[in-house]
There are 2 protein chains.
Amino acid sequence: MYQAHPALRQPVTAADRVLLEIQRAIVEGDIAPGSKISEPELARRFDLSRAPLREALARLERCHLIERIPNAGARVVRLSTSGLLALYQLRENLEGLACKLAAEHMTDAEITEVRQLLDQHLTSQRVREGESYYQEAGDLDFHYRVILGSKNSYLINILCDELYYLVRMYRVQLGMNGPRVSRAFDEHKAIINAIANRDGELADLLMRRHIAASRRNIEQQLEQMGT
Amino acid sequence: MYQAHPALRQPVTAADRVLLEIQRAIVEGDIAPGSKISEPELARRFDLSRAPLREALARLERCHLIERIPNAGARVVRLSTSGLLALYQLRENLEGLACKLAAEHMTDAEITEVRQLLDQHLTSQRVREGESYYQEAGDLDFHYRVILGSKNSYLINILCDELYYLVRMYRVQLGMNGPRVSRAFDEHKAIINAIANRDGELADLLMRRHIAASRRNIEQQLEQMGT
DNA sequence: TAGGCGTATATTGTCGACAATCTATCTCGC
DNA sequence: GCGAGATAGATTGTCGACAATATACGCCTA
């Protein structure tokens, strides 16, 4: 029987559910960056025992949303310029690779779906003009789809399970809105076109540039906030 | 205070220790690929409760040595050609990137250390001629050092914590010995030279080729075994 | 008054038992 | 005889309590 990829498997256990809740809370800033994680407190707050909670914390550490020190507890990760640089350095390479592989392995049907997704984005973007294009989450996200299209399970695991939420945290907490919104959309269009043309080299290049531009954008916002 | 990277942090908790033991057992084949993991059995075998054992299993899943299905248990990963291809596709990119970054960020002292390490390998290799060059593990490993030299914590985490053991499992269980041994050594030399010359682009290229060659080598062995 | 030390408190790590879920076997019906 | 359903067994997920460790406070000394 086919086993769905962990990233898109729906939660079945209590640990799964509380993981999703805490993940959302951290990504959206409900639990402040740098704040200490108290196991007893969270256990009370979500009304379960510490066993499934610790399971969830282990997975949160895996996706870099918290940092644990043995016998000393866990803290929510802090956002920093150096962290962002390191993260985006990786993304440029990995998502570039994902594009290259997607150009080889995505089916025509999957490509069509992504195009429909982009059209959908365009609509909702025009309707709510000021709203951030980046807010779309989960498998509505363009990047998400392309990554899955690479069909490389290790790559998918790293990007969708381990780095994805931290990327979203940077996006959300630094409020990704502004002039880049419409340009990012055009870049997405160009990337899926390259994939549709089975031009992996170009898709790779375009994605790297796209992410580099996105990085510079967030970087600016960080500098403005920092000073 | 300085916090050592998780990868080289020494085990302090019971879960840490049993993790290392099971990791070794799986990598070296003492626990057969594809075999079912029984929590009660392992708990008895290592003389501890299921709580720290499950913690260890969570981390084993993280480094792709076991696969878990909720409410249904865990199995040791199986080695396959497709899995190897996917894994090495990633490694080519990631370790290439690591080389590029290492050329930028490694200190002269660190480069000297790696060179001494290679000389050491040469000695022990010539002494025990038939023995596999690849058997060296942990921070004795050339790749390990270069990756740490990239100074990118996310990259280090992925390569040293999450993919490293699976790579070793392929190496060990397919018995990496043969004519490639001495050639791999020369390739390592060329890579550290490029890094010493601060030629990131060349180091990247050489590492990609090195891993591609290594992949083809293992691939051949897999085919021979499979047929 | 500042700094180091020892105790008190709180938190994390570990344990054994119970509940929920899945797997395998047996029985029954077609 | 073969397949579907029910039941028994085993395994995983969860719970509450205990032990080991780290943090915080107060005290003593220089």
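Basis for what follows: all heavy atoms, side chains included, without hydrogens, waters or symmetry-related copies. Each chain gets a letter, A, B and so on, in the order the sequences are listed, and its residues count up from 1.
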Checklist outcome for this item: Of A/R59, A/R62, A/R91, the one forming a salt bridge (Lys or Arg N to Asp or Glu O under 4.0 Å) with A/E162 is A/R62

Next on the checklist: Rounded to whole Å, please give me the gap between CG in B/L19 and P in C/dG13.
Outcome noted: 14 Å

Checklist entry - Roughly how far, to the nearest 0.5 Å, is CG of B/L97 from CG of A/L90? => result 6.5 Å

Checklist entry - What is the distance from atom CE of A/M169 to atom CZ of A/R24, rounded to the nearest 0.5 Å? => result 12.5 Å

Next on the checklist: Considering every strand and a 4.0 Å limit on heavy-atom distances, what is the contact class for B/L53: base, sugar-phosphate, or nothing?
Outcome noted: nothing

Checklist entry - Roughly how far apart are A/L57 CG and A/E55 CD, rounded to 0.5 Å? => result 10.0 Å

Next on the checklist: Can you measure A/N71 atom CG to C/dA10 atom P for me and round it to whole angstrom units?
Outcome noted: 18 Å

Item to check | B/K36 side-chain N/O to D/dA10 phosphate OP1/OP2 under 4.0 Å | outcome: no

Checklist entry - Which is true for B/I37 with a 4.0 Å heavy-atom rule: it touches a base, it touches only sugar-phosphate, or it touches nothing? => result sugar-phosphate

Checklist outcome for this item: Atom CD of A/E39 and atom P of C/dG13 are separated, to the nearest Å, by 6 Å

I'd like a table of atom pairs between the protein and nucleotides 14-16 of chain D - only N or O on both sides, under 3.5 Å - with the distance next to each one.
| residue | atom | partner | partner atom | Å |
| --- | --- | --- | --- | --- |
| D/dT14 | OP1 | A/T13 | OG1 | 2.5 |
| D/dT14 | OP1 | A/A14 | N | 2.5 |
| D/dT14 | OP2 | A/T13 | OG1 | 3.0 |
| D/dC15 | OP2 | A/S49 | N | 2.8 |

Checklist entry - Are A/H143 and A/E95 linked by a side-chain donor-acceptor pair shorter than 3.5 Å? => result yes

Checklist entry - Please give, in whole Å, the distance from C/dT12 C1' to A/R75 CZ? => result 15 Å

Checklist entry - Is the NZ or CZ atom of B/R168 positioned over B/Y165's six-membered ring, under 6.0 angstrom from the centre and within 45° of the axis? => result no

